[in-house]
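Single-structure report; data block below.
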There are 2 protein chains.
Amino acid sequence: MARVKQTELAVLCVLGVQPMTGYAVRAAIREQLGFFWSESFGQIYPALAELERTGLVERHEGTRAGSSTYSLTSDGRARLVQLLKEPDAPAPRRDGLMLRLFFGRVLGPDACRELVERARDSARQQLAVYEGVRASVEAETTFPEHQAYWLITISAGEHTARAAIDWAEETLASLDGQRERYVR
Amino acid sequence: MARVKQTELAVLCVLGVQPMTGYAVRAAIREQLGFFWSESFGQIYPALAELERTGLVERHEGTRAGSSTYSLTSDGRARLVQLLKEPDAPAPRRDGLMLRLFFGRVLGPDACRELVERARDSARQQLAVYEGVRASVEAETTFPEHQAYWLITISAGEHTARAAIDWAEETLASLDGQRERYVR
DNA sequence: TCATTCATGTAAGTGGTTACATGATTCA
DNA sequence: TGAATCATGTAACCACTTACATGAATGA
């Protein structure tokens, strides 16, 4: 059904904060939503054209030659609220690490160990990043009305990362047990 | 680059356990990998044709008229091991709940509360499902060499679900604080 | 006998990325 | 002056789902 709806929603969200160019929309998504969202130019520009066609955004002369800033119309803001209220589409399930571990017998405990160690290390790195971002968001006072919501998403990242670390450590212990049984 | 590589890997994985029809491949993926993987017929049949063309699987007469069972060739098994060793492709990031909460200011604390409650409830349900599956896998003795690996993936699901529940409960408390500040 | 399950496949459409082409502006 | 960044867009391709068409076998 609904075409480019995910992209449409993300674009409306960032334009809801302030008017900007397509280029800036992508930068905002990368920098602010990078932990849980991504969009490419190949999605953003067609989406902006479609949003303009349906009257949800307005196009204004940009500061540069050939550039345009887009801003939400009141229809656009209504649509944004409507889309935000809709339940989100279920994400396609494709977890390569789990697939590899489910068939772990094929690779054996040592190779699985490596996979899990890599997962643990990247989760640790992620956690450190989240903690850094938390500190800078807590220090930030430019958008106090958004702060609490931003912290909620950071907290989700921290919980997820910590869960991954805990699971990895447990799993490494269990793989050691596995290994002993085969070695002896 | 590599086309249908994800599907190719999943199909090789399940055919690595035992030869079966395309229909049965899909059933196996649904029933056994359902928590972290999905494939549709529209992927599976072309993938099987391609795998046969490249000599990674062999096609045999099935028990029924017009049906075929596929089995791994030795090339196919080598390819399976090779693909399992490769690091998994990063999943596309698109978390609708996080997007909604990041822009939570637009909907306000009450609507966000509902979103988080729904997330908590579905995580609780998930956790119950995982615990049920764990019990039946622990009771199962048909594939003892796979059991430990299956439990690892179930454990990952449990950790993820528990993290989601913890985060949701924390977040609900924080949203209450948010609400009070605006009401008073 | 007839609904259900098993079984194979294709076509249309969705949603997405990457690479490319193009050019203006900024700033060291 | 020339590298980096800002800016817009398209074309080709990839991965995937849904719906459809077809029919054999099973079993209540």
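Any value given below was found using the heavy atoms of this structure, including those in side chains, with hydrogens, waters and symmetry copies removed. A quick note: this is a predicted structure, and the numbers were derived from the prediction, not measured. Just so it is clear: chains get the letters A, B, ... in the order the sequence lines come, proteins before strands, and each one is counted from 1.
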| note | Looking only at C:dT18, C:dA7, C:dG16, the nucleotide nearest the A:Thr7 side chain is C:dG16

| said: Looking only at the side chain of B:Gln43 (C-beta and beyond, no hydrogens), which of the listed nucleotides C:dA7, D:dC16, C:dG16 gets closest? | reply: D:dC16

| Under 4.0 Å between a side-chain N or O of A:Ser40 and OP1 or OP2 of C:dG16? | no

| task | Please test A:Asp176 against A:Arg113 for side-chain contact (heavy atoms from CB on, under 4.5 Å), starting from the C-alpha separation and ending with a verdict. | result | CA-CA 8 Å; A:Asp176 282 347; A:Arg113 200 172 210 297; 3.0 Å; yes

| said: Nearest whole Å is fine: how far is C:dG15 P from A:Lys5 NZ? | reply: 8 Å

| Nucleotide of D:dT5, D:dG9, C:dT18 approaching A:Arg59 most closely (side-chain heavy atoms) | D:dG9

| query | What one-letter contact string describes nucleotides 23-28 of chain C from 5' to 3', where B marks a base within less than 4.0 Å of any protein heavy atom, S marks contact via sugar-phosphate atoms alone, and - marks no contact? | reply | -BSS--

| message | Measure CZ/B:Arg26 against C1'/C:dG9 and give the value in whole Å, please. | response | 13 Å

| Atom CD of B:Glu61 and atom P of D:dA24: how far apart are they, to the nearest Å? | 15 Å

| said: side chain to side chain donor-acceptor pair (under 3.5 Å) for A:Arg59 and A:Ser68? Distances and angles first, verdict last. | reply: CA-CA 6 Å; A:Arg59 186 179 194 149; A:Ser68 341; 3.2 Å; yes

| query | Among all residues two or more places apart in sequence or in another chain, which pass the side chain to side chain donor-acceptor pair (under 3.5 Å) test with B:Thr153? | reply | none

All N/O donor-acceptor pairs, side-chain side in residues 25-36 of chain B, below 3.5 Å, sequence neighbours left out:
none

| remark: Comparing B:Pro46 with B:Ala24, nearest DNA chain C nucleotide closer to 5' gives the residue B:Ala24

| task | State which of C:dG9, D:dT17, C:dC6 makes the closest approach to the side chain of B:Tyr45. | result | C:dG9

| Could you give the CZ-to-C1' distance, from A:Arg30 to D:dT5, as a whole number of Å? | 13 Å

| A:Thr171 side chain to A:Trp167 main-chain N or O, any donor-acceptor pair under 3.5 Å? | yes

Might you list the N or O atoms of the protein lying below 3.5 Å from N or O atoms in nucleotides 20-22 of chain D, with each pair's distance?
none

| B:Ser67 side chain N/O closer than 4.0 Å to the phosphate oxygens (OP1, OP2) of C:dT8? | no

| task | For A:Arg124, look at atom CZ and say whether over 12 heavy atoms of other residues, nucleotides or ligands are found less than 6.0 Å away. | result | yes

| request: Without swapping roles, check the side chain of B:Arg100 against the backbone of B:Leu107 for a donor-acceptor pair under 3.5 Å. | output: no

| Side-chain N,O (B:Arg94) to OP1/OP2 (C:dG16) below 4.0 Å | yes

| Whole angstrom value for the distance that separates P of C:dT8 from CD of B:Glu52 | 12 Å

| message | Classify A:Gly66 by what it touches in the nucleic acid, base, sugar-phosphate, or nothing, heavy-atom distance under 4.0 Å. | response | sugar-phosphate

| request: Quickly work out the B:Glu50 CD to D:dC14 P distance and round it to whole Å. | output: 12 Å

| query | How far apart are the closest heavy atoms of A:Leu127 and A:Ala161, and which atoms are they? | reply | CB-CB, 4.0 Å

| request: Please tell me which of the listed nucleotides, C:dT8, D:dT8, D:dT17, lies nearest to the side chain of A:Ser68? | output: D:dT8

| remark: A:Tyr70 atom OH is separated from D:dG9 atom C1', nearest whole Å, by 10 Å

| Contacts of A:Ser71 that satisfy side chain to side chain donor-acceptor pair (under 3.5 Å) - sequence neighbours left out | A:His60

| field | d(CD1, A:Ile44; P, D:dG9) in whole Å | value | 12 Å

| field | For B:Gln18, all residues meeting side-chain contact (heavy atoms from CB on, under 4.5 Å), sequence neighbours excluded | value | B:Met20

